[in-house]
There are 4 protein chains.
Amino acid sequence: MVTSTSEKYDKILQAAIEVISEKGLDKTSISDIVKRAGVAQGTFYLYFRSKNALVPAIAENLLSLSLEKIKERAKTATDFLSTLEVMIDETYKTTDEYRDVLVLCYSGLAFDYSLETWEAIYLPYYNWFEQVLNEAVKKDEVIKQLNVKWTAKTMINLIENAAELFYIGREQDVTLEQSKEELFQFLKRSLVPSM
Amino acid sequence: MVTSTSEKYDKILQAAIEVISEKGLDKTSISDIVKRAGVAQGTFYLYFRSKNALVPAIAENLLSLSLEKIKERAKTATDFLSTLEVMIDETYKTTDEYRDVLVLCYSGLAFDYSLETWEAIYLPYYNWFEQVLNEAVKKDEVIKQLNVKWTAKTMINLIENAAELFYIGREQDVTLEQSKEELFQFLKRSLVPSM
Amino acid sequence: MVTSTSEKYDKILQAAIEVISEKGLDKTSISDIVKRAGVAQGTFYLYFRSKNALVPAIAENLLSLSLEKIKERAKTATDFLSTLEVMIDETYKTTDEYRDVLVLCYSGLAFDYSLETWEAIYLPYYNWFEQVLNEAVKKDEVIKQLNVKWTAKTMINLIENAAELFYIGREQDVTLEQSKEELFQFLKRSLVPSM
Amino acid sequence: MVTSTSEKYDKILQAAIEVISEKGLDKTSISDIVKRAGVAQGTFYLYFRSKNALVPAIAENLLSLSLEKIKERAKTATDFLSTLEVMIDETYKTTDEYRDVLVLCYSGLAFDYSLETWEAIYLPYYNWFEQVLNEAVKKDEVIKQLNVKWTAKTMINLIENAAELFYIGREQDVTLEQSKEELFQFLKRSLVPSM
DNA sequence: GATGAATGAGTGTTCATTCAT
DNA sequence: CATGAATGAACACTCATTCAT
């Protein structure tokens, strides 16, 4: 996953995100994308091996943006629960903004990519959150009997899913605040010592 | 979602599940499916509006099968946690058996279907589990301060995701038993009163 | 061209005229027609050998209707020019009412039918008008140096074409009355002795 | 109607005229055409929006060829009747050479094209002949009481129809010379002052 | 690097037609 | 006569990809 960021690469990637948001991956043609990006048909293939190669690239782009923001805001968080709040809030925000492209990314495996690709994309996020959990364990902010690796992955997935459920599945039973709060409490109960 | 179960419909659906399991949706042609099903090309379109219409149909088929089994086994469960165990166990089993088709279904929204379709498919499962949760609340088996609707949806999603993570994401850090146990404890801590 | 007029035959033919008027021949499927006619798919083939067989059938239907009316009204015409006026008027009327189907019929040969079919359809019209012309010659109402057969065919074609030009080609330069009058004078000048 | 004449465009168009002449439009597949033209399947769609888009393109091609020749030969014509003779002769020739494709073109409206398309194709022919008629009026070669626009259109149509009737409808009653002569006299009587 | 004309394999879908009931 | 489920051949069209410039 080389993030060779040239001007054209970015143009194409952003155009792809836009067009796919509007039409869905299937109905989006390379022709649509290059037209929007303002480059030639062949130029696409200077930056992406194939149409399908877009999906992980988009995912990486969005996920690293999102992680960036989370890390930034988490700097000011003094305890684990504040960090958790930041993660939830930021994940909901990203999901709201990119909901149409995110269904692609969250379900990337529905497109025949090697797991390695996706592991690689999520690794920085997983690693960072494992670290957060480990520190929380040390500080007795969360219970000790956790498989940290499993918990990190599962929680990240759960948060993404809850957001997806809210924005895309359009739960009509709860408000945004209620959804986030319910999720927060759900996780807190599971992780934080009763007293 | 009319479950008009004619002989041909079933033949085609089962053939589709088989072929898609082997080749993935993209690389599966209608021709592949009808050949396997032993019907004519045009017959497919008597039962499915389009190729994409297969996805919700498959999802409904698998989910209702799975729910059937869960309900059956849950009959013998005396308390909430036993029921939870059954759900987890059965979800992992289904995911194992149909992993390649399930990525399609779990990520159904990546294909341009109306949410209504998916809501309708999941509704029986959601409804059943809401009922289970409500009874558990009554019996003080789980905490009272739950938004039952939200919790039902989220838990079902979480269990599916954990199974997907294990089988498809191929977690290498935990065994099957560990994964299920970790999940069980995670949910138990969040739902069951401390003592 | 057997005009075996059964109830279903008529239903199907009328339905065909309606649907083809709306969607054009190409985009009209047998399925559309039988649905409109309220009969079963297979029933169509009890009355028509194929989809293409509809075109001459429609043509015959419309042309014989039109000829019927012309003959009826021509009975009261005392001279050749009155008869000509009736032909023009009635042809314009039919063209107006069935313009969308008539393009099919007027250009029937664009569909691979044997000329014999079309000759047969037009024969009664040609024959009747030849007779009219012959009588007019006898009565010195038209010039003598005419090839009657050629003139009959050509005039019928010309009248149909002028009507088509007016209604379908949507001439914007003349009114309905002007178009008919211009045509009438055009033919009169060519056929009627100067004094 | 952009006559972007690139090499490939011409190759495809000529191939289409040939194949359609042999098999008719319906039974001609794009595959037939591109094989004959020696280009790839997809190349067809770089130059024609669809299969049906061939029809006006062919019509324009043939009509402009025909008009070219008429204009050329008409240069030497000293009076209106000579010009008329040229038109008739050339129209019969074109109809003879391209009879199978011309039925398509003469009946273009049977294919769902906008009238504008056909108006545009015929416009140069109409315009040229209107001019011819106007000059003839000035020179007292034809009668004054003509609606020139209507007459131009109608005469062009009539000539085309007479030729079609002769070659395609296979009149068996007259020879080529007789048919042309009959037509010429028919028009002459209608247009030229008696003395 | 950038272009965009050309490629041609690949496939979903339609629909006229048949035939067992 | 009537039905309508089943057929399966046939095809227009798309589009990811390449490559000469």
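What you see is a predicted model; the values in this text were computed from it and never measured. In what follows, chains are A, B, ... by sequence order, proteins preceding strands, each numbered from 1.
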Checklist line | Earlier contact from the 5' end, DNA chain F, for Ser29(D) and Gly38(C) | finding: Gly38(C)
Margin query: Check this for me, if you would: do Arg36(C) and Glu22(C) make a salt bridge, where the nitrogen-to-carboxylate-oxygen distance has to be below 4.0 angstrom?
Written below: yes
Next item on the list: Taking atom NZ of Lys23(C) as the centre, report whether more than 12 heavy atoms of other residues, nucleotides or ligands fall under 6.0 Å from it.
Entry: yes
Margin query: Using Watson-Crick or G-U wobble geometry with both distances under 3.5 Å, which nucleotide pairs with dT21(E)?
Written below: dA2(F)
Next item on the list: Kindly point out which of dT3(E), dT13(E), dC13(F) is positioned nearest to the side chain of Leu46(A)?
Entry: dT3(E)
Next item on the list: Answer whether the closest heavy-atom distance between the side chains of Phe48(A) and Leu13(A) falls below 4.5 Å.
Entry: yes
Margin query: From C-beta outward on Ser50(C), which listed nucleotide comes closest to its side chain: dT3(F), dT3(E), dT17(E)?
Written below: dT17(E)
Checklist line | Rounded interatomic separation in angstrom, taking CG from Asn52(C) and C1' from dC15(E) | finding: 13 Å
Check: Within the structure, does a side-chain N or O atom of Tyr47(B) lie under 4.0 Å from either OP1 or OP2 of dA5(F)?
Finding: no
Margin query: Which nucleotide wins on minimum distance to the side chain of Tyr45(D), given the candidates dC13(F), dT17(F), dT18(E)?
Written below: dC13(F)
Checklist line | Whole-Å distance separating the CG atom of Asp26(B) from the C1' atom of dC15(F) | finding: 13 Å
Check: Nearest to the side chain of Ala40(A), which nucleotide is it out of dT3(E), dA12(F), dA16(F)?
Finding: dT3(E)
Check: Just checking Val39(C): base, sugar-phosphate only, or nothing, at a heavy-atom cut-off of under 4.0 Å?
Finding: sugar-phosphate
Notebook entry, point to check: Counting side-chain heavy atoms from C-beta on, which of dA16(E), dA6(F), dT17(F) comes nearest to Lys51(A)?
Noted result: dT17(F)
Item checked: Donor-acceptor pair (no angle test) under 3.5 Å: Gln41(B) side chain, dT13(E) base -> yes
Next item on the list: Measure from the side-chain heavy atoms of Thr43(D) and tell me the nearest of dA16(F), dT7(E), dG4(F).
Entry: dT7(E)
Notebook entry, point to check: Could you give the CD1-to-P distance, from Ile30(C) to dT17(E), as a whole number of Å?
Noted result: 7 Å
Item checked: Rounded distance (Å) that lies between atom P of dA6(F) and atom CD1 of Ile12(B) -> 9 Å
Margin query: Do Tyr98(B) and Ile17(B) have side chains that approach each other closer than 4.5 Å (heavy atoms only, starting at C-beta)?
Written below: yes
Item checked: Nucleotide dT14(F), atom P - distance to CZ of Phe44(D) in whole Å -> 11 Å
Checklist line | Beyond-backbone contact of Glu97(B) with Leu102(B), side-chain heavy atoms, under 4.5 angstrom | finding: no
Item checked: Distance, rounded to the nearest Å, where Ile33(A) contributes CD1 and dA16(F) contributes P -> 8 Å
Check: Could you state the NZ-C1' distance from Lys27(D) to dA12(F), rounded to the nearest angstrom?
Finding: 18 Å
Next item on the list: Starting from P on dT14(E), measure out to NZ on Lys35(C) and report it in whole angstrom.
Entry: 12 Å
Next item on the list: Assign each of Gly42(B) and Ser31(A) to its nearest nucleotide of DNA chain F by heavy atoms, then name whichever residue's nucleotide is nearer the 5' end.
Entry: Gly42(B)
